[in-house]
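Report on the structure given below.
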Amino acid sequence: MGGGALQLAGLAAALGGWAGALAAAALPQWRQSSYAGDAIITAVGLYEGLWMSCAAQSTGQLQCRLHDSLLSLDAHIQTSRALMVVSLLLGFFGLIVSVVGMKCTKVGEDDPVTKGRVAIAGGILFILSGLCTLAAVSSYAARVTYEFFSPSTPVNARYEFGSALFVGWAAAGLASLGGSLLCCSCPAGERRPQQRYRHSQPSTAREYV
């Protein structure tokens, strides 16, 4: 696969990862109520996310409420919020930098060495974005797991993994894969400044017979 095709594949994967991270951050299903207990509840499902909590009623209605206060939230929610915001910002700037550094764009085409370095910088930003997303969803999942198996948590108040966590894991993988492809898209010869060889000048001395 040529360098240009590799860049397009990397950008497509990274863009999909960034869109997935945006969807995961917005979804309220970071954790959902578990039916491990046998108590009867009126709501079909309880969901909690980074920004709101929702209740799906048996009538089909979905009622959501934004979290009232930032400072009153648990530490793991605040941490996941911050990591997801940083991830989205890194992915946004990575998208801009990668487009500038791609071979198919006209920006800076007179200097292919610098253009290749810009593409690599965009790939690094996408990798960092994927790592932030991975850290956010993994830390949140670890907290859900701890509370689920904690003896102090009532059986009917336990939560399980929501769909947003799986979306976040997939997004982290795509962003990291896309960033890696962008970093590998430039051959080694293009990463180093081209060496200029001095051609020997022909001797101006003439032999006279």
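Looking at His67, its side chain does come within 3.5 Å of a backbone N or O of Gly49 through a donor-acceptor pair. Proximity of a side-chain donor or acceptor of Ser176 to a complementary backbone N or O of Gly173 within less than 3.5 Å is not detected. Looking at Ser80, its side chain does come within 3.5 Å of a backbone N or O of His76 through a donor-acceptor pair. The backbone N or O of Ala25 sits less than 3.5 Å from a side-chain atom of Trp51, completing a donor-acceptor pair. Side chain of Arg81 to main chain of Leu50: a donor-acceptor pair is present (N/O by atom type, distance under 3.5 Å, no hydrogens or angles). Not one N or O on the side chain of Ser129 forms a donor-acceptor pair closer than 3.5 Å with the backbone of Leu125. Not one N or O on the side chain of Ser53 forms a donor-acceptor pair closer than 3.5 Å with the backbone of Glu48.
Of all the heavy atoms in Ala172 and Gly130, the pair that sits closest is CB-O, 3.4 Å. Counting all heavy atoms, side chain and backbone alike, Met84 lies closest to Ala136 at SD-CB, 3.7 Å. Listed here is the closest heavy atom pair of Ala171 and Gly20: CB-C, 3.5 Å. In this structure, Gly179 and Ala14 approach most closely via the heavy-atom pair N-CB, 4.4 Å. Of all heavy-atom pairs spanning Val97 and Gly122, the tightest one is CG1-N, 3.6 Å.
Here Leu27 contributes atom CG and Leu165 contributes atom CG; the two are 10.0 Å apart, rounded to the nearest 0.5 Å. Atom SG of Cys54 and atom CZ of Arg65 lie 10.0 Å apart (nearest 0.5 Å). Here Leu46 contributes atom CG and Gln29 contributes atom CD; the two are 12.0 Å apart, rounded to the nearest 0.5 Å. Atom CD1 of Ile127 sits about 13.0 Å away from atom CG of Leu134, to the nearest 0.5 Å. The CG atom of Leu83 sits 6.5 Å away from the OG1 atom of Thr79 when rounded to the nearest 0.5 Å.
Side-chain atoms of Leu11 and Met102, non-hydrogen and from C-beta on, do get closer than 4.5 Å to each other. Residues Leu88 and Leu22 form a side-chain contact, since some pair of their non-hydrogen atoms from C-beta on lies under 4.5 Å apart. Two residues are said to be in side-chain contact when any heavy atoms from C-beta on lie closer than 4.5 Å; Arg31 and Glu147 meet this criterion.
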* To do: Begin from the C-alpha positions of Cys183 and Phe126 and carry the test side-chain contact (heavy atoms from CB on, under 4.5 Å) through to its verdict.
  => CA-CA 10 Å; Cys183 291; Phe126 275 121; over 6 Å; no

* Does the pair Glu160 and Val144 meet the rule for a side-chain contact (heavy atoms from CB on, under 4.5 Å), with working shown? -> CA-CA 7 Å; Glu160 297 179 353; Val144 172; 5.5 Å; no

* Could you go through the side-chain contact (heavy atoms from CB on, under 4.5 Å) check for Gln7 and Leu182 one step at a time? => CA-CA 5 Å; Gln7 283 184 343; Leu182 286 171; 4.3 Å; yes

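In the hydrophobic cluster analysis, where Ile, Leu, Val, Met, Phe, Trp and Tyr join through side-chain heavy atoms closer than 4.5 angstrom, Leu174 is grouped apart from Leu128. Criterion: ILVMFWY side-chain heavy atoms under 4.5 Å apart, direct or through other members. Under it, Val118 and Trp18 are part of a common hydrophobic cluster. No path of Ile, Leu, Val, Met, Phe, Trp and Tyr side chains, each step under 4.5 Å between heavy atoms, connects Val86 with Val167, placing them in separate hydrophobic clusters. Hydrophobic cluster membership is shared by Leu90 and Val100, with clusters built from Ile, Leu, Val, Met, Phe, Trp and Tyr side chains linked at under 4.5 angstrom. One hydrophobic cluster holds both Leu89 and Val137 under the rule that ILVMFWY side chains link at heavy-atom gaps under 4.5 Å.
Under the side-chain contact (heavy atoms from CB on, under 4.5 Å) test applied with Phe161, the options Trp30, Phe148, Tyr140, Phe166 reduce to a single match, Phe166.
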